[in-house]
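Note sheet for the following structure.
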There are 2 protein chains.
Amino acid sequence: MSVRERKERERASRERLIVATARELAEQKGWDAVTTRQLAERIEYSQPVLYSHFRGKREIIGAVALEGAAEMAAALRAVTSAADGPRVRVTALARAYLDFAERNPAVYDAMFQLDGGLAFAREDTPEPLKDAFAALLENLGEVAGDGVHPALFTETFWAALHGLATLTRARRLPPEDTERRVELLVDRLVVV
Amino acid sequence: MSVRERKERERASRERLIVATARELAEQKGWDAVTTRQLAERIEYSQPVLYSHFRGKREIIGAVALEGAAEMAAALRAVTSAADGPRVRVTALARAYLDFAERNPAVYDAMFQLDGGLAFAREDTPEPLKDAFAALLENLGEVAGDGVHPALFTETFWAALHGLATLTRARRLPPEDTERRVELLVDRLVVV
DNA sequence: GATTCGATCCTAGCACCGCTAGACAATCAA
DNA sequence: TTGATTGTCTAGCGGTGCTAGGATCGAATC
């Protein structure tokens with residue numbers, strides 16, 4: 001059975017290569033440049049190989065999104081665990097969120113802008129997505145204020161961050177004042 | 001010169017037809033279905049005719065975006081002028097904004113998600129876009145609170161609305177609680 | 001009224017896209 | 001060694017945005 005196992009390992013390894021390469025290509029040249037042909041050439045296999053791992057391009061985007069969600073959750077927890085006081089934590093959280101979006105625009109798009117075929121806010125939502133939301137909830141729930149449901153507050157705060165991230169990157173908002181917008185958001189929304 | 005003028009009128013009329021048809025098609029079947037072939041067939045001309053009016057698909061999206069911006073500005077002013085008291089006005093504004101986004105998803109995408117080749121937040125920004133932002137600023141500036149720049153406040157509030165609109169439509173947020181999220185946003189952000 | 005000539009529009013085609021059928025080669029079991 | 005199975009590739013389908021070049025048509029001139 002060891003031969004079979006080796007093959008399975010190799011196959012899993014190639015799948016990771018596909019996802020990593022798609023991500024890399026997307027960050028370098030944008031998702032438009034992530035064509036099945038380009039991707040196949042970069043991994044040095046033919047196009048149909050991609051379809052033996054994923055149903056199509058959509059699923060590849062979804063895989064990148066899941067990878068990104070796990071990273072984002074880790075990044076958020078890293079900064080919030082190092083901050084003490086709810087107010088300081090939330091500020092750090094907001095900055096880390098926007099920082100992640102800015103540093104990984106393609107991954108962020110895969111998560112929240114593109115269609116990766118993933119289900120959000122449901123029971124069958126993939127674990128990494130649930131966990132990323134949980135990372136937000138952990139820090140935002142405690143500053144929701146009396147009578148405001150923690151999840152609802154988290155959703156609203158998240159939406160505001162998402163709006164800042166996307167409008168800024170789409171050049172709809174000038175990037176200079178991002179920090180002041182974050183401060184305003186935290187000042188007004190957070191109840192300490 | 002009357003012949004020339006008639007031709008110019010017809011040409012302008014055809015241009016409006018292209019934009020209106022693109023918008024209609026986008027709302028019916030999504031922007032992916034707005035291909036130059038589909039569009040050409042619907043207006044009953046050949047593909048190259050499109051390129052005698054617009055540089056390419058991007059510019060057509062841009063034209064739809066401008067049309068949408070003018071409409072949105074009008075819609076926002078319509079509801080805010082009928083509401084008295086800053087607080088009530090802002091609530092009405094927020095609802096009208098999200099309502100516009102929900103009723104005209106393709107137009108909203110053209111304005112804020114897709115690349116229509118338009119410049120935002122600059123001197124050379126097209127007038128309809130400036131005016132749509134102005135419609136927000138008119139109502140939001142007065143509730144920014146002391147020491148907070150009206151434009152900065154408007155940008156932040158807008159970003160929050162944009163986040164709600166896009167995450168909800170992309171099924172990242174459950175649609176049921178939209179109203180409560182808006183209330184929370186207005187409650188916390190607005191200073192009366 | 002016939003004829004030129006320029007504007008206008010269409011046919012045909014380019015290089016690319018996502019995706020897949022079917023041929024082929026490599027590997028395994030008997 | 002043979003036969004079946006698995007894996008991968010080549011080639012191709014119908015689609016995309018966009019454009020070159022020829023046909024057509026109508027206005028202006030003789």
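By convention in this document, chain letters (A, B, ...) are assigned in the order of the sequence lines, proteins followed by strands, and residues within each chain are numbered from 1. Just so it is clear, the structure is predicted and the values come from calculations on it, not from any experiment.
A:Ile18 places its CD1 atom 14 Å from the P atom of C:dG18, with the value rounded to the nearest Å. Rounded to a whole Å, the CZ atom of B:Arg14 is 15 Å from the P atom of C:dA7. The distance between atom CZ of B:Arg11 and atom P of C:dA7, rounded to the nearest whole Å, is 13 Å. In this structure, B:Leu39 atom CG and D:dC18 atom C1' are separated by 14 Å, rounded to whole Å. Going from atom CD of B:Glu10 over to atom P of C:dA7 covers 17 Å, rounded to whole Å. Taking atom CD of residue A:Glu41 and atom P of nucleotide C:dG18, one finds them 13 Å apart after rounding to whole Å.
Here the side chain of A:Asn104 pairs a donor or acceptor atom with the backbone of A:Phe100 at under 3.5 angstrom. Proximity of a side-chain donor or acceptor of A:Ser13 to a complementary backbone N or O of A:Arg9 within less than 3.5 Å is not detected. B:Thr125 places a side-chain N or O within 3.5 Å of a backbone atom of B:Ala121 that can act as its donor or acceptor partner.
Under the rule for a side chain to side chain contact (heavy atoms under 4.5 Å, CB included), A:Ala78 has no partner lying at least two apart in sequence or in another chain. A:Ser46 meets the side chain to side chain contact (heavy atoms under 4.5 Å, CB included) test with A:Pro48, A:Val49; sequence neighbours excluded.
DNA chain C is contacted by A:Gln47, A:Pro48, A:Tyr51, A:Gly56, A:Lys57 of residues 44-61 of chain A, taking any non-hydrogen atom closer than 4.0 Å.
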Apply side-chain contact (heavy atoms from CB on, under 4.5 Å) to A:Ile61 and A:Asp115, showing your working.
-> CA-CA 7 Å; A:Ile61 293 173; A:Asp115 180 10; over 6 Å; no

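The side chain of A:Thr35 contributes an N or O atom lying less than 4.0 Å from OP1 or OP2 of C:dC17. OP1 or OP2 of C:dC17 has at least one side-chain nitrogen or oxygen of A:Arg37 nearer than 4.0 Å.
Sorted by first and then second residue, the ring pair (Phe, Tyr, Trp, His ring centres under 6.0 Å) pairs involving residues 162-192 of chain A (not counting sequence neighbours) are A:Tyr108-A:His162, A:Phe112-A:His162.
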Distance-only criterion, 3.5 Å: show the donor-acceptor pairs between side-chain atoms of residues 184-192 of chain A and protein atoms not counting sequence neighbours.
{"from": "A:Asp187", "atom 1": "OD1", "to": "A:Arg87", "atom 2": "NH1", "distance (Å)": "3.4"}
{"from": "A:Asp187", "atom 1": "OD1", "to": "A:Arg87", "atom 2": "NH2", "distance (Å)": "2.6"}
{"from": "A:Arg188", "atom 1": "NH1", "to": "B:Ala144", "atom 2": "O", "distance (Å)": "3.2"}
{"from": "A:Arg188", "atom 1": "NH1", "to": "B:Leu189", "atom 2": "O", "distance (Å)": "2.8"}
{"from": "A:Arg188", "atom 1": "NH2", "to": "B:Ala144", "atom 2": "O", "distance (Å)": "2.7"}

Applying the Watson-Crick and G-U criteria (both distances under 3.5 angstrom) with [ ] for crossing and | for other-strand pairs, one obtains for DNA chain D ||||||||||||||||||||||||||||||

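In this structure, A:Arg172 is positioned above the aromatic face of B:Phe120, its NZ or CZ under 6.0 Å from the six-membered ring centre and within 45° of the axis.
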